[in-house]
Number of protein chains: 2
Amino acid sequence: MQEDIVEGLRKLGLTEYEAKAYATLVGRGEATAREVHELSGVPRTRIYDILKDLATKGFVEYVEGSPTYYRAVEPDRVMERLRDELVASIDRSTSELLSLNLEAHGSSPVWCVRSEWGIKNRVKDFLGRVDSELIIFCRSPELLREYKAELGKVENLRIKVDKKEKFKDLGFRVLEMKAGSERFFKDAIIDGISSRIDGLMISDERSSIVIGTIGGERLAIIIKLPVIALLQKAVWEALV
Amino acid sequence: MQEDIVEGLRKLGLTEYEAKAYATLVGRGEATAREVHELSGVPRTRIYDILKDLATKGFVEYVEGSPTYYRAVEPDRVMERLRDELVASIDRSTSELLSLNLEAHGSSPVWCVRSEWGIKNRVKDFLGRVDSELIIFCRSPELLREYKAELGKVENLRIKVDKKEKFKDLGFRVLEMKAGSERFFKDAIIDGISSRIDGLMISDERSSIVIGTIGGERLAIIIKLPVIALLQKAVWEALV
DNA sequence: TGCATTGTAACTCATTTAGTTACAACAAAT
DNA sequence: ATTTGTTGTAACTAAATGAGTTACAATGCA
């Protein structure tokens with residue numbers, strides 16, 4: 001019994017028993033309830049309702065008798081249908097949500113993003129909005145590598161890093177910070193909260209984004225106050 | 001609060017509270033926890049963990065403060081990601097299942113299919129395997145209409161119906177049964193179980209499929225015994 | 001200082017799913 | 001016909017999750 005397959009099927013809305021029974025049946029082709037029970041580990045007394053469930057969900061076919069025989073519907077067909085249903089559902093939700101979303105939301109100047117995907121999304125959005133100038137303070141080469149494509153499109157790109165050699169195989173022209181000034185980016189513990197900044201980007205002297213780990217949590221902070229961006233830029237000048 | 005939207009989002013894996021909070025936030029653009037609570041109906045004391053959940057799932061961004069402000073991530077982006085994830089998950093499951101499924105399953109001669117989709121699937125499969133000759137007994141024009149495309153490809157198609165005029169706008173050449181012989185297809189109650197046959201198809205004198213409602217349940221029975229198919233065909237001849 | 005709001009933590013209740021027990025219906029074998 | 005094992009149904013308990021509530025500390029505001 002393949003644990004991965006069961007997990008995958010559960011993500012797609014089946015219960016553990018349903019997933020185990022279906023996977024087993026796919027492997028066997030055709031079987032009695034007892035066989036499915038023995039191979040899948042689903043309790044025998046439950047295998048009947050589970051298989052009936054699967055039949056009404058269209059995963060399984062059967063022919064009654066003593067014993068009743070069961071067979072899995074071809075997985076590619078089942079999965080194709082599942083995909084169509086889910087995609088349709090998503091499309092419906094998208095358009096419904098977008099119609100709610102018509103009124104532009106007045107955006108406030110500061111935002112935090114936590115989820116890994118949310119951060120990626122925001123950073124890409126941020127980089128996409130860069131008009132001409134982008135300034136980056138960075139200590140993590142991975143950060144630059146991840147957004148290499150987007151960064152390549154920026155006209156006036158200036159990058160300042162803590163240790164030049166960490167970045168040399170990336171193909172970007174980077175400057176090293178003045179000795180002593182890298183402390184602004186060092187791991188630090190403030191009020192018992194550890195913080196580690198991976199990078200800071202400033203776009204067109206208008207908005208900036210900070211990426212790092214604060215209190216053990218990965219985090220991006222978007223700041224759209226030109227004042228702050230200017231201050232940050234001033235720091236840049238100071239660090240040259 | 002749009003009930004449909006919440007339902008749609010739940011199907012995609014959100015809980016009721018999460019769905020309500022997210023939908024509300026999409027509608028508002030930007031809001032405090034309290035506002036989300038008031039507009040969504042989610043208990044105020046729960047709105048905080050719900051919104052935090054949504055943030056780690058990438059549906060929501062926020063900026064801490066007093067009060068903390070929340071904002072929905074653009075629905076099209078969120079939904080697109082969701083779709084990509086689900087489709088990837090489905091593709092993975094499909095290939096895993098297919099690799100289990102390699103050994104051909106020796107097929108037994110009779111099969112029952114219950115789910116609406118399962119029936120469609122089987123009938124299409126059945127029609128796709130017709131080599132040259134297909135015989136149909138039918139009392140439901142919908143049945144033929146549904147599979148019109150597949151039926152069009154059949155070389156030698158003979159259709160026998162109970163009442164000719166019901167089928168006249170379908171574009172098929174149909175024969176009417178002899179008076180009295182339509183009783184084989186009439187609604188009947190046998191042993192307290194009502195049965196209603198919509199149609200019977202016989203393919204190449206090899207296999208046949210019966211579609212109808214038995215005991216209040218929609219059902220298709222696939223029979224791959226040439227003997228039976230031949231018998232059924234003999235009935236056809238008798239009914240001409 | 002008092003008072004409402006914000007935020008956290010813990011609880012209860014209901015629903016769903018996992019796993020068990022008891023037993024009737026049936027088939028085969030002595 | 002009686003025993004024995006299998007098939008199938010029904011109902012139960014236990015665990016997990018989500019919905020809804022209560023209590024209270026921290027914060028901000030008059």
Side-chain angles (χ1 to χ4, degrees), chain A residues 1 3 6-25 30-57 59-60 62-71 108 112 114 191-193 215-217, chain B residues 1 3 6-7 9-25 30-57 59-60 62-71 108 112 114 191-193 215 217:
Chain A
M1 179 76 317
E3 201 50 50
V6 173
E7 258 320 295
L9 290 173
R10 295 194 65 172
K11 272 205 199 107
L12 302 177
L14 298 199
T15 68
E16 183 183 332
Y17 284 172
E18 287 171 340
K20 283 181 175 172
Y22 180 64
T24 309
L25 214 41
E30 199 169 289
T32 65
R34 167 165 292 273
E35 287 178 292
V36 177
H37 142 65
E38 278 167 355
L39 293 168
S40 67
V42 175
R44 193 191 63 83
T45 51
R46 297 296 311 287
I47 201 70
Y48 301 100
D49 29 321
I50 301 298
L51 287 169
K52 212 163 278 174
D53 261 24
L54 285 171
T56 61
K57 284 187 184 176
F59 284 69
V60 152
Y62 64 96
V63 52
E64 272 163 343
S66 203
T68 295
Y69 270 78
Y70 297 85
R71 151 201 294 181
S108 100
C112 290
R114 313 251 149 174
D191 298 335
I193 295 169
E217 208 175 12
Chain B
M1 180 77 315
E3 202 50 50
V6 172
E7 259 320 294
L9 290 173
R10 294 194 66 172
K11 273 205 198 105
L12 302 177
L14 297 200
T15 68
E16 183 183 333
Y17 284 172
E18 288 171 339
K20 283 182 175 172
Y22 180 64
T24 307
L25 215 40
E30 198 169 292
T32 65
R34 169 165 289 273
E35 286 178 293
V36 177
H37 143 65
E38 279 168 354
L39 292 167
S40 67
V42 175
R44 192 190 64 82
T45 51
R46 296 298 310 287
I47 202 70
Y48 300 100
D49 27 323
I50 301 299
L51 287 170
K52 213 162 279 177
D53 261 24
L54 286 171
T56 61
K57 284 188 182 173
F59 284 68
V60 153
Y62 65 96
V63 52
E64 272 164 342
S66 204
T68 294
Y69 270 78
Y70 298 85
R71 152 202 292 181
S108 98
C112 291
R114 313 251 150 174
D191 299 334
I193 294 169
E217 207 174 12

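Numbered from 1 within each chain, the chains take letters A, B, ... in sequence-line order.
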Visitor: Rounded to the nearest 0.5 Å, how far does NE2 of B/His37 lie from CD1 of B/Ile50?
Guide: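 Spacing of CD1 (B/Ile50) from NE2 (B/His37) equals 13.0 Å.
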Visitor: Of all the choices, C/dA18, C/dG7, D/dT21, which nucleotide is nearest to the side chain of B/Pro67 once you look at every atom?
Guide: C/dG7
Visitor: Could you check whether B/Thr45 gets within reach of a base, just the sugar-phosphate, or nothing at all, counting any heavy atom under 4.0 Å?
Guide: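 Here B/Thr45 touches the bases of the nucleic acid.
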Visitor: Within this structure, what is the CD1-to-C1' distance between B/Ile47 and C/dT6, rounded to whole angstrom?
Guide: 13 Å
Visitor: May I ask you to verify whether the side chain of B/Thr15 and the base of D/dT17 hold a donor-acceptor pair under 3.5 Å?
Guide: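 Per atom types, no contact qualifies.
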Visitor: Specify the closest pair of heavy atoms between B/Ala21 and B/Leu54, including all atoms of both residues, with the distance to one decimal.
Guide: CB-CD1, 3.9 Å
Visitor: Any salt bridge between A/Arg10 and A/Glu18, counting N to O under 4.0 Å?
Guide: no
Visitor: C/dC13 C1' sits how many Å from B/Arg46 CZ, rounded?
Guide: 13 Å
Visitor: Using atom CD of A/Glu18 as one end and atom P of C/dT16 as the other, report the distance to the nearest whole Å.
Guide: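 A/Glu18 atom CD is separated from C/dT16 atom P by 13 Å.
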Visitor: Return the value, rounded to whole Å, for the distance between atom CG of B/Asp49 and atom P of C/dT6.
Guide: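 Going from B/Asp49 (CG) to C/dT6 (P), I get 16 Å.
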Visitor: Between atom OH of B/Tyr62 and atom OH of B/Tyr48, what is the distance when rounded to the nearest 0.5 Å?
Guide: 13.0 Å
Visitor: Answer yes or no: does a side-chain N or O of A/Tyr17 lie under 4.0 Å from OP1 or OP2 of C/dT17?
Guide: no
Visitor: Looking only at side-chain N and O atoms, does B/Thr68 come under 4.0 Å of OP1 or OP2 in C/dT6?
Guide: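 For C/dT6, OP1/OP2 do not have a side-chain N/O of B/Thr68 under 4.0 Å.
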Visitor: Is the phosphate of C/dT8, meaning OP1 or OP2, less than 4.0 Å from a side-chain N or O of B/Lys52?
Guide: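 For B/Lys52, the contact criterion (side-chain N or O under 4.0 Å from OP1 or OP2 of C/dT8) is met.
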Visitor: Should B/Tyr48 be listed as having a side-chain N or O under 4.0 Å from OP1 or OP2 of C/dG7?
Guide: yes
Visitor: Between A/Ile50 (CD1) and C/dG19 (P), how many Å, whole number?
Guide: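 Going from A/Ile50 (CD1) to C/dG19 (P), I get 11 Å.
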Visitor: Grab the CD-P distance between A/Glu16 and D/dA15 for me, whole Å please.
Guide: 15 Å
Visitor: Can you measure A/His37 atom NE2 to D/dT6 atom C1' for me and round it to whole angstrom units?
Guide: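 Whole-Å distance recorded here is 11 Å.
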Visitor: How far does CD1 of B/Ile47 sit from OG1 of B/Thr24, to the nearest 0.5 angstrom?
Guide: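 Interatomic distance, B/Ile47 CD1 to B/Thr24 OG1, rounded to 0.5 Å: 7.5 Å.
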Visitor: C/dT17 P sits how many Å from A/Leu54 CG, rounded?
Guide: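 After rounding, the reported distance stands at 13 Å.
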